[in-house]
Amino acid sequence: MPSADQLLVLLEVARCGRYTTAAQALGLTHTTVARNVAALERALGGRVLVRGAEGWELTELGERAARAAESVADALARLTSPDGEADRIAGVVRMTATDGFSAYVVPPAVAGLRERHPDLSVELVTVTRRAAQHRTGVDVEVVVGQPQVARAKALRLGEYELGLYAARGYLERHGTPTSVAELSGHGLVYFVDSMLQVDDLDAPRRMIPGIRDALTCTNVLVHVEATRAGAGVGFLPCFAADRHDDLVRLLPDEVRERLPYWAVVHPQSWRRPAVAAVVDALRREVVRQRAALLGRHAAAHPAATP
């Protein structure tokens with residue numbers, strides 16, 4: 001029979017995707033983790049993990065073992081809880097999200113959740129990329145655009161708008177463009193074209209033929225600050241740019257893009273109450289911030305919104 005220790009080690013490897021990370025989380029050595037996984041596979045008579053592109057992934061047998069491990073973890077949590085009823089919204093939830101979403105949506109969502117569930121911890125990595133078909137070590141991915149995933153659960157959180165902005169000082173020096181054609185004489189502050197992994201984010205170069213890159217970066221918050229500094233005109237999320245009175249939105253009816261945020265939750269993570277609670281908190285926060293996410297122009301001209 002497999003032991004509880006072996007099951008708990010498997011559960012941590014499934015969540016982390018790597019033996020070394022699981023060993024650090026459990027206070028064990030890499031060798032001890034590997035030995036427990038091997039012993040579990042001998043007890044069950046088959047492989048529970050296979051190596052994938054992003055780390056270790058559960059096999060079908062591993063999925064069954066992980067579900068049993070979750071029951072063991074829940075039982076231990078209840079046993080050590082003073083009243084015998086442990087808070088199930090606890091532990092570490094690992095997620096990735098874009099820079100802007102991470103800066104302005106995740107913090108208030110997590111802060112409110114932790115007021116009610118103080119044993120919850122969220123690890124957040126900022127990245128702008130497509131959702132992975134098989135990614136271990138991450139419970140929730142927040143991506144831009146509808147994801148094409150087979151095994152994971154995808155939930156639409158809401159949408160946000162991007163527009164073209166320039167600093168007031170920049171416009172005083174270079175003039176305010178009054179048409180899309182005039183924008184071709186200005187430099188663009190935006191993502192590095194060759195490193196852009198999300199097709200839906202290619203709007204400014206598509207909308208403004210001939211515009212040249214001025215300063216490009218993989219981080220949206222750098223786009224905002226570079227635009228404020230006068231490096232060029234920036235194609236920015238309205239919820240980030242509208243916070244700064246020194247930025248002016250340009251041609252809001254002609255140059256704009258509205259995109260959805262989606263949460264992708266991987267199968268072994270969705271069963272965890274803590275993961276479901278984090279996703280629900282994110283969805284509620286997106287609803288609360290809807291006006292800011294769509295921008296001042298949308299609020300002032302509701303009939304013109306797409």
Side-chain angles (χ1 to χ4, degrees), residues 98-101 103-105 128-130 143-146 156-262 286 289-306:
T98 61
D99 302 306
F101 193 94
Y104 298 115
V105 178
T128 302
R129 64 187 176 192
R130 302 185 190 94
V143 298
V144 173
Q146 184 168 358
R156 194 176 190 276
L157 298 175
E159 57 186 3
Y160 75 108
E161 185 162 304
L162 299 101
L164 200 67
Y165 291 81
R168 297 185 188 276
Y170 174 89
L171 296 175
E172 290 172 1
R173 296 190 303 273
H174 299 278
T176 301
T178 59
S179 67
V180 173
E182 291 182 10
L183 288 170
S184 60
H186 295 265
L188 177 67
V189 176
Y190 199 52
F191 286 104
V192 181
D193 190 30
S194 61
M195 299 180 68
L196 188 59
Q197 297 188 29
V198 182
D199 294 339
D200 289 345
L201 288 172
D202 68 354
R205 297 183 180 97
R206 184 181 71 244
M207 294 178 179
I208 312 169
I211 195 167
R212 299 163 297 156
D213 287 343
L215 188 154
T216 56
C217 179
T218 57
N219 189 302
V220 167
L221 302 183
V222 174
H223 301 171
V224 174
E225 294 306 316
T227 305
R228 296 182 69 201
V233 296
F235 194 63
L236 310 174
C238 297
F239 64 86
D242 287 346
R243 296 168 182 266
H244 302 286
D245 292 335
D246 56 343
L247 291 179
V248 177
R249 187 165 180 184
L250 307 174
L251 305 173
D253 293 320
E254 291 90 349
V255 185
R256 64 193 304 192
E257 184 80 335
R258 188 169 292 187
L259 296 172
Y261 281 124
W262 284 74
V286 169
Q289 293 195 39
R290 184 176 187 276
L293 289 166
L294 298 183
R296 293 176 185 168
H297 181 75
H301 304 83
T305 59

Using side-chain heavy atoms (C-beta onward) and a distance below 4.5 Å, is Asp193 in contact with Thr216? no
Interatomic spacing from CG in Leu259 to CG in Leu293 - rounded to 0.5 Å: 12.0 Å
Dump the intermediate steps for side chain to side chain contact (heavy atoms under 4.5 Å, CB included) on Leu164 and Leu251, then the final yes or no. CA-CA 7 Å; Leu164 200 67; Leu251 305 173; 5.7 Å; no
Using the side chain to side chain donor-acceptor pair (under 3.5 Å) rule, collect all pairs that involve residues 239-248, keeping only residues at least two apart or in two chains. Tyr165-Asp242, Arg228-His244, Arg228-Asp246
Could you check Leu157, Val144, Val143 and say which one makes a side-chain contact (heavy atoms from CB on, under 4.5 Å) with Phe101? Leu157
Would you sort out whether Leu294 and Arg258 count as a side chain to side chain contact (heavy atoms under 4.5 Å, CB included), showing the intermediate values? CA-CA 8 Å; Leu294 298 183; Arg258 188 169 292 187; 3.7 Å; yes
Show me the pairs that pass ring-ring contact (aromatic ring centres under 6.0 Å, His included) and involve residues 209-233, at least two apart or across chains. Tyr190-His223, Phe191-His223
So do the side chains of Thr128 and Thr218 get within less than 4.5 Å of each other, counting heavy atoms only? no
Minimum-distance pair of heavy atoms, taken over all atoms of Val220 and Asp99: N-OD2, 3.2 Å
Search all heavy atoms of Ala226 against all heavy atoms of Val189 and return the closest pair with its distance. CB-CG1, 3.9 Å
Of Arg290, Arg249, Arg296, which meets salt bridge (Lys or Arg N to Asp or Glu O under 4.0 Å) against Glu161? Arg249
Counting N and O atoms only, with roles assigned by atom type, does the side chain of Glu182 sit under 3.5 Å from a partner on the main chain of Gly175, one being a donor and the other an acceptor? no
Taking all heavy atoms of Arg168 and all of Leu247, pick out the closest pair and write down the distance. NH2-O, 4.5 Å
Is any side-chain heavy atom of Phe235 closer than 4.5 Å to a side-chain heavy atom of Leu201? no
Determine the minimum heavy-atom distance between Ala166 and Leu171, stating which atoms define it. CB-CD2, 3.7 Å
In short, Gly158 meets Val286 closest at the heavy-atom pair CA-CG1, 3.8 Å
Donor-acceptor pairs under 3.5 angstrom involving side-chain atoms of residues 206-214: please list them, not counting sequence neighbours.
unit_1: Arg206; atom_1: NH1; unit_2: Asp202; atom_2: OD1; d: 2.6
unit_1: Arg206; atom_1: NH2; unit_2: Glu257; atom_2: OE2; d: 3.4
unit_1: Arg212; atom_1: NH2; unit_2: Gly185; atom_2: O; d: 3.3
unit_1: Asp213; atom_1: OD1; unit_2: Arg205; atom_2: NE; d: 3.4
unit_1: Asp213; atom_1: OD1; unit_2: Arg205; atom_2: NH2; d: 3.2

Closest non-hydrogen contact found for Tyr170 with Gly230 is CD1-O, 3.4 Å
